[in-house]
Amino acid sequence: MPRIAYFGPSGTFTEMALAQMESGGAFDGPVERVSALSPPAALALVREGRVDGAVVPIESSVEGPVPPTLDALASDERLQIVAETELDVSFTILGRAGTTLDQVRTIRAYPVAGAQVRMWIERKLPDAVVESASSNAGAAEDVAAGIADAAVSTALAGERLGLSVLADSVADFDGARTRFVLVTRPAPVPAATGADRTAVVLQLNNEPGSLVSAMAEFSTRGIDLTRIESRPTRIEFGTYRFFLDCIGHLEDTAVAEALKALHRKHDVRFLGSWPAATPGGVRPPSDEEATEWLRRIRSGESDGR
């Protein structure tokens, strides 16, 4: 039975994402779930060989990237993304039995979650002090321990801890979604499906035009970039890593050529090619016709003109 770490404790959206992957056939069968205190901690367990993979959040449709996950993927030994899933995300406000919303003076929230219900809290709990929690489930545990009056959490965490629901389906924006990825040690990439995503991290040379030049490797080949993020290297001011997602697979000639061209000039960390949870964007152009034309020329055949 594979051991899969997740950003816990039990009752987080990440555990729900792991369960969704499990039911969707991402693994050969059931898995042993291993809770970790943070996304970097879950990924560290993979690097140490203590688990076979880890599920971590990587992007919110409301707040954008999850920085701890990006930074952990960019540092230390290379890991690889092999699958992803998405969840609709709305939150449950939990309290101890007998607590009402007008009694809440302190509310615990994981920072990413707190940012997604900021307007709701300002409107419904204007006098409450928002305090940071280690995770969505951790916020519920703080309430159960009497450390805070309420938590921005999940219904699952409330059920497991015997907490009361003070408000449900809380979100500042309708249709909010979070993307989660399954990360393993480097392995053969999953087979291309025609609806794939490829991701890399670039450490560009510190010279004029390096970013424009890197982007041109994708644009000139008709590759659709779906995400561009920058994160500081934490070494010195003005030095950044760039996280890029594109439509396509490593087996697509255009994608492979772009990555080879980048590798010739820059430090490139390959994060993986895998089936996208929500297909979209423009697929890279096929080179089949051009390859056949080149074959005819090499063999001395007519090129049809």
Side-chain angles (χ1 to χ4, degrees), residues 14 17 21 26 39-40 43 53-75 78-87 89 112 175-184 186-204 210-233 240-263 265-285:
T14 310
M21 288 183 175
L43 297 178
V55 175
V56 291
I58 195 168
E59 185 179 19
S60 159
S61 64
V62 176
E63 286 298 302
V66 180
T69 297
L70 296 187
D71 291 342
L73 286 171
S75 60
R78 185 176 76 86
L79 296 176
Q80 190 168 321
I81 300 171
V82 297
E84 72 176 33
T85 193
E86 295 178 0
L87 290 180
V89 173
V112 174
R177 294 179 68 78
T178 295
R179 187 161 61 95
F180 301 82
V181 291
L182 172 61
V183 182
T184 68
V189 298
T193 66
D196 305 289
R197 186 191 311 273
T198 294
V200 296
V201 184
L202 300 182
Q203 180 77 53
L204 301 178
S210 61
L211 179 57
V212 172
S213 174
M215 297 301 99
E217 301 295 354
F218 294 94
S219 63
T220 58
R221 293 176 173 86
I223 298 172
D224 187 359
L225 285 173
T226 57
R227 186 169 67 96
I228 304 173
E229 307 285 352
S230 64
R231 292 287 299 157
T233 62
Y240 293 87
R241 294 186 180 99
F242 294 88
F243 295 77
L244 306 179
D245 284 9
C246 71
I247 299 296
H249 192 278
L250 192 63
E251 294 302 319
D252 292 320
T253 300
V255 173
E257 287 179 347
L259 298 191
K260 286 192 294 184
L262 289 170
H263 175 69
K265 300 178 182 179
H266 308 289
D267 180 3
V268 180
R269 171 169 287 202
F270 176 69
L271 292 183
S273 287
W274 65 93
T278 303
V282 180
R283 289 189 60 188

Check your understanding: side chain to side chain contact (heavy atoms under 4.5 Å, CB included) between Val183 and Leu73: does it pass, once the steps are laid out?
Key -> CA-CA 9 Å; Val183 182; Leu73 286 171; 4.1 Å; yes
Review point. Do you know the tightest heavy-atom contact between Val82 and Pro190?
Key: O-CG, 3.4 Å
Check your understanding: Rounded to the nearest 0.5 Å, how far does CG of Asp196 lie from CZ of Arg283?
Key -> 7.5 Å
Exercise for review: For residues Pro279 and Ala276, report the shortest heavy-atom separation together with the two atoms involved.
Suggested key: CD-O, 4.2 Å
Review point. Can you check whether Val201 reaches Arg231 side chain to side chain, under 4.5 Å on heavy atoms?
Key: no
Check your understanding: Where is the tightest heavy-atom contact between Pro186 and Gln80, given as atom of each residue plus distance?
Key -> CA-OE1, 3.6 Å
Review point. Taking C-beta and beyond as the side chain, do Phe218 and Leu244 meet within less than 4.5 Å on heavy atoms?
Key: yes
Check your understanding: When rounded to the nearest 0.5 angstrom, what distance separates CG in Leu202 from CZ in Arg241?
Key -> 11.5 Å
Practice item. Keeping the roles fixed (side chain from Asp252, backbone from His249), state whether a donor-acceptor pair exists under 3.5 Å. Key: yes
Check your understanding: Looking at side-chain heavy atoms only, is the closest gap between Val282 and Ile247 below 4.5 Å?
Key -> no
Point to revise | Nearest atoms (heavy-atom pairs only) where Pro284 meets Val255 | key: CG-CG2, 3.9 Å
Point to revise | Close side-chain approach of Ile223 to Thr198, heavy-atom, < 4.5 Å | key: no
Practice item. Measure the shortest side-chain to side-chain distance between Arg179 and Arg197 over non-hydrogen atoms and say whether it is less than 4.5 angstrom. Key: yes
Check your understanding: For the atom pair CD (Glu59) and CD (Glu86), what is the distance rounded to the nearest 0.5 Å?
Key -> 8.5 Å
Check your understanding: Quick one: CG on Asp245 to OG1 on Thr226, what's the gap to the nearest 0.5 Å?
Key -> 4.5 Å
Study note, to complete from the structure: Between the CG atom in Leu211 and the CZ atom in Phe242, the distance rounded to the nearest 0.5 Å is 5.0 Å
Exercise for review: Determine the minimum heavy-atom distance between Thr69 and Pro39, stating which atoms define it.
Suggested key: OG1-CB, 3.3 Å
Check your understanding: Atom CD1 in Ile81, atom CZ in Phe270: separation rounded to 0.5 Å?
Key -> 9.5 Å
Review point. Can you check whether Ser75's main-chain N or O pairs, donor with acceptor, with Arg269's side chain at less than 3.5 Å?
Key: yes
Point to revise | Heavy-atom side-chain contact between Met215 and Ile228 under 4.5 Å | key: yes
Check your understanding: Got Leu271 and Val200 here, is their nearest side-chain heavy-atom distance under 4.5 Å?
Key -> no
Exercise for review: Give a yes or no on whether the backbone of Pro275 and the side-chain of Thr193 come within a donor-acceptor separation of less than 3.5 Å.
Suggested key: no
Exercise for review: List the atom of Gly53, the atom of Thr184, and the distance in Å for their closest heavy-atom pair.
Suggested key: CA-CG2, 4.3 Å
